[in-house]
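Here the structure comes first, spelled out in structure tokens, and everything after it is commentary.
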Amino acid sequence: MTGTDYKTMTTAQIRENFLQFFESKGCKRYPSSSLIPDDPSLLLANAGMNQFKEYYQGIKTMREIGATSCQKCLRTNDIENIGDARHLSFFEMLGNFSFGGYTKAQAIAWAWEFITSPEHLGLPKDRLYVTVFTNDDEACELWQEQGVDLSHISRLGEEDNFWAAGPTGPCGPCSEIYFDQGPEFEGEKPGDDGDRYLEFWNLVFTQFDRQEDGSMPELPHRNIDTGMGLERIAAIMQHQGSNYEGDVLRTLIAVGEKLSNKRYHETAATDKSLRILADHARACTFMIGDGILPGNEGRGYVLRRLLRRAIYHGRLLGIRGEFMRTYTHEVMRLMATSYPQLTEGKDRIDAIVSAEEQRFCATLDAGEALLNKELAQLPSGKPLSGEVAFKLHDTYGFPIDLTCEIAENAQHPTDMDTFNALMEDQKARARAQANRDAWGQANSIWASLSDELSETEFLGYTQNSCDDARVLALVRDGALVPSASCGDVVDVILDKTPFYGERGGQVGDTGTLRCGESVLHVDDTQHQAHILIVHTCTVQKGSIAKGDTVSAQIDVTRRELIRRNHTATHLLQAALKQVLGKHVSQAGSLVAPDRLRFDFTHFEALTRDQIDQVEAIVNREIFAAEPMVTRVVPLAEARKTDAIALFDEMYDADVRIVQTGSSEDAVYSRELCGGTHVRNTADIGYFKIISETSVGSNVRRLEALTSCGAYEYVDAKLSELGQLASMLKCREDDVLARVDQLKSSLSAADKKLKAALSGSSSDQVSSAVSSAYNKSGYKLVIAHVQHVEAKDLRSMWDGIRQCMNQTPCACVLASSTGEKAALLAAATDDAIAAGFDAAQVIKAIAGAIAGHGGGKAAMAQAGGTNAQGIDDALAQARTLLNV
Ligand code: SER
């Protein structure tokens with residue numbers, strides 16, 4: 001092998017050198033986009049090209065010939081494989097991109113220049129290999145023009161050399177560049193499973209736009225999308241065989257070595273855990289940095305899974321206590337120069353990691369205690385029962401790998417056959433349950449009616465009433481009935497209705513159905529079996545029968561209030577995203593006539609200032625009097641907008657977009673929503689947040705009022721202010737000043753009182769001293785003092801000593817506050833020498849106040865619960881001391 005002496009570069013040098021190289025060729029440098037993509041079809045950013053999708057599709061045009069970036073990426077398809085020397089979840093991807101600005105020939109020439117030129121990577125040419133797509137003769141020739149020998153070019157098929165970001169969207173043939181690590185590594189040829197030929201740069205010639213139906217029309221122009229794994233090239237440039245041995249990840253592995261006191265490259269299991277920790281800790285730091293919170297679905301679930309997997313591998317390594325922050329801080333230290341938002345988000349990252357770690361560690365602790373108990377009872381060598389392992393997994397959420405590891409350390413294998421069988425049983429039970437639910441639903445009256453009837457036509461977006469709705473079915477107590485009469489409660493299904501059936505958080509309408517003289521009050525309206533709107537009615541007069549024609553009238557006032565709260569909820573969500581960040585996403589909502597409630601993901605309580613900002617933004621949108629615009633569009637079209645949609649939520653082929661503002665510039669909120677909204681934001685009148693609380697980990701809840709409700713709320717607060725002013729005998733405007741004034745006069749009064757009391761205590765000191773007994777060798781003060789708390793008895797003693805002016809003395813003092821009594825005995829050295837023992841005195845008299853205490857000859861104290869006994873105690877002291 002020749003050319004082993006190529007140069008060495010750090011990760012930071014490679015990153016900067018790459019970006020500068022492509023800038024010098026006329027590409028514009030773009031910062032990495034967030035890990036949370038703008039594209040709703042994508043869970044997490046997974047390639048440099050993500051942020052340029054619209055340029056590929058010709059929706060946007062770039063002035064420069066192309067772009068270059070270093071993109072944060074996260075790929076989750078093979079989390080299980082992470083731990084080997086190759087796979088990573090988070091990685092950085094260097095890329096250059098063109099949207100018709102430069103050609104494939106140019107892209108290949110620049111790639112070759114960058115990797116071989118001594119000013120850049122300067123890799124030895126004889127160790128470089130390329131692959132091209134099966135029929136891409138053009139690429140094959142272009143590489144040869146660069147001087148690449150035909151023996152270093154191979155053709156690979158669809159799996160390796162055709163690249164697509166997802167099932168639909170821009171895609172095309174690609175060409176990959178490989179580095180030959182040398183014969184000491186396994187592997188025959190580029191593209192095989194061995195480590196000898198390492199792929200490090202992928203050049204995609206993006207020219208098609210794959211559609212849902214599989215067809216692949218050409219994109220408006222021929223494009224370039226290249227991606228070079230920074231960790232991979234860093235390892236190569238640092239003469240290391242694995243991704244994990246480049247400077248950044250190896251430093252993170254060292255964190256684990258230090259924490260666990262184990263060495264990398266000692267055992268395969270330790271290596272695996274150290275690699276998992278390094279990779280996952282870095283991924284989690286970046287995910288939280290970009291606003292993702294641990295949760296049970298979508299991105300939040302990926303984060304929680306990575307975080308927990310890292311924590312339990314920490315346990316496998318024997319690391320105790322909270323440790324993840326040691327990793328996240330190291331990630332920040334290593335990478336914040338390139339990604340400053342890590343430092344900006346440090347406190348948030350710390351708080352989230354720590355909360356999740358504490359929660360998961362509690363789970364692990366509970367499981368581990370149970371496991372250790374089981375292991376302690378097990379005769380040596382006997383396997384740990386599969387039932388116990390299953391219980392740990394099922395009830396405690398304790399990972400099976402960890403069970404096996406701990407059992408193994410205690411010299412017990414785990415009965416995996418039984419464990420696996422129990423897991424299978426559980427899956428079967430879950431499937432059966434799911435089937436039962438499905439059948440249960442299928443048997444319900446609504447499901448069978450939904451087979452028979454067509455979808456209820458909803459008129460309520462534009463009408464509040466309808467004169468000719470036909471009764472298609474009547475249901476009482478879960479069964480079809482032909483008619484219902486006065487007093488009955490009956491569910492009515494009409495062919496069309498202005499009544500909104502509860503869904504998407506918006507409550508159902510109420511109102512009236514009439515048929516001739518008959519009157520039904522609609523108490524509630526619900527959506528059933530996806531297509532039916534069901535009115536739950538009380539027949540108030542006459543009767544109703546299937547086939548009747550009715551007039552339907554909703555309670556308009558109530559609906560108007562609901563509309564206001566629904567639109568306000570949309571404005572609220574947009575304002576929360578603006579003030580708190582993009583991580584805010586809806587976690588539940590209630591839109592009722594009298595209030596709205598909005599649950600959303602966020603990791604800490606909102607500050608007063610944030611609440612004020614959100615409220616101000618929503619009110620500004622209201623006062624801007626923007627018209628509300630709704631459109632029904634195909635889902636694919638909606639995805640192209642920035643409309644807020646719940647990720648993973650099932651939508652119909654056509655969806656309704658609800659936005660504020662008719663011109664693009666004025667759009668503040670845009671959501672997919674089936675609810676009913678105001679015509680103009682001004683209809684909402686006024687918006688007021690009335691509470692902010694927590695409803696689970698990382699989920700906050702806001703409750704708010706609009707229009708009349710908000711007015712009444714504020715009015716009530718103002719009337720409290722009025723009452724306050726009259727109580728304080730001042731004008732409303734002066735309440736704050738008046739309270740300030742009161743506070744200062746209160747504290748002045750407090751000071752005076754203290755002074756008066758201490759004055760009284762000094763009087764008491766002098767009177768006690770003047771009535772002191774003369775004992776042989778010292779003076780003895782015995783006194784019951786008033787208004788002195790137990791803690792101040794010591795200062796009384798100080799006062800007595802001062803008054804005695806060097807004369808040897810001793811005291812027995814008593815005081816009380818309420819039922820509580822306190823005693824203190826103390827003596828100067830001479831008095832002790834003359835025979836006074838404070839401890840002895842207190843011991844003898846404490847019983848009288850139902851107390852106990854103690855001390856030394858120089859000072860002793862007692863507290864008791866019987867203040868009535870003070871006089872007795874002092875009498876006993878006199879007896880004891882012979883005075
Ligand atoms: N999009 C391609 C990849 O991810 C090239 O950047 O490999």
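Remember, it's 1-based here, ligands and their atoms both numbered in the order they're listed.
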If we number the atoms of ligand 1 from 1 as shown, the ones under 4.0 Å from a heavy atom of Thr226 are 5 (C), 6 (O)
With a 6.0 Å cut-off (strictly less than), is the heavy-atom count around NZ of Lys25, excluding the residue itself, greater than 12?
yes
Distance-only N or O hit between ligand 1 and Asn46, under 3.5 Å:
no
Do the side chain of Thr601 and the main chain of His583 share a donor and acceptor less than 3.5 angstrom apart?
yes
Exactly one of Arg309, Arg275, His313 should register a side chain to side chain donor-acceptor pair (under 3.5 Å) with His280. Which one does?
Arg309
Between Lys104 and Asp136 (salt bridge meaning N to carboxylate O under 4.0 Å), is one present in this structure?
yes
Counting non-hydrogen protein atoms only, what is the nearest one to atom 1 (N) of ligand 1? Give residue, atom name and distance.
Asp225 OD2, 2.7 Å
Just need the protein heavy atom nearest to atom 7 (O) of ligand 1, so name the residue and atom and give the distance.
Asn202 ND2, 3.2 Å
State whether the side chain of Arg232 and the backbone N or O of Glu199 hold a donor-acceptor pair below 3.5 Å, judged by distance alone.
yes
Consider ligand 1: state whether an atom of it lies below 4.0 angstrom from any non-hydrogen atom of Glu176.
no
Is Gly227 close to ligand 1, meaning an N/O of one under 3.5 Å from an N/O of the other?
yes
Within the 4.0 Å heavy-atom shell around Val204, which atoms of ligand 1 are there?
2 (C), 5 (C)
Per-residue contact class, Glu199 against ligand 1 - non-hydrogen pairs under 4.0 Å
neither
Can you tell me if NZ on Lys189 sees more than 12 non-hydrogen neighbours from other groups inside 6.0 Å?
no
Looking at Arg29 and Glu64, does any basic side-chain N land under 4.0 Å from a carboxylate oxygen?
no
I'd like to know whether ligand 1 has Met228 as a neighbour, heavy-atom separation below 4.0 Å.
no
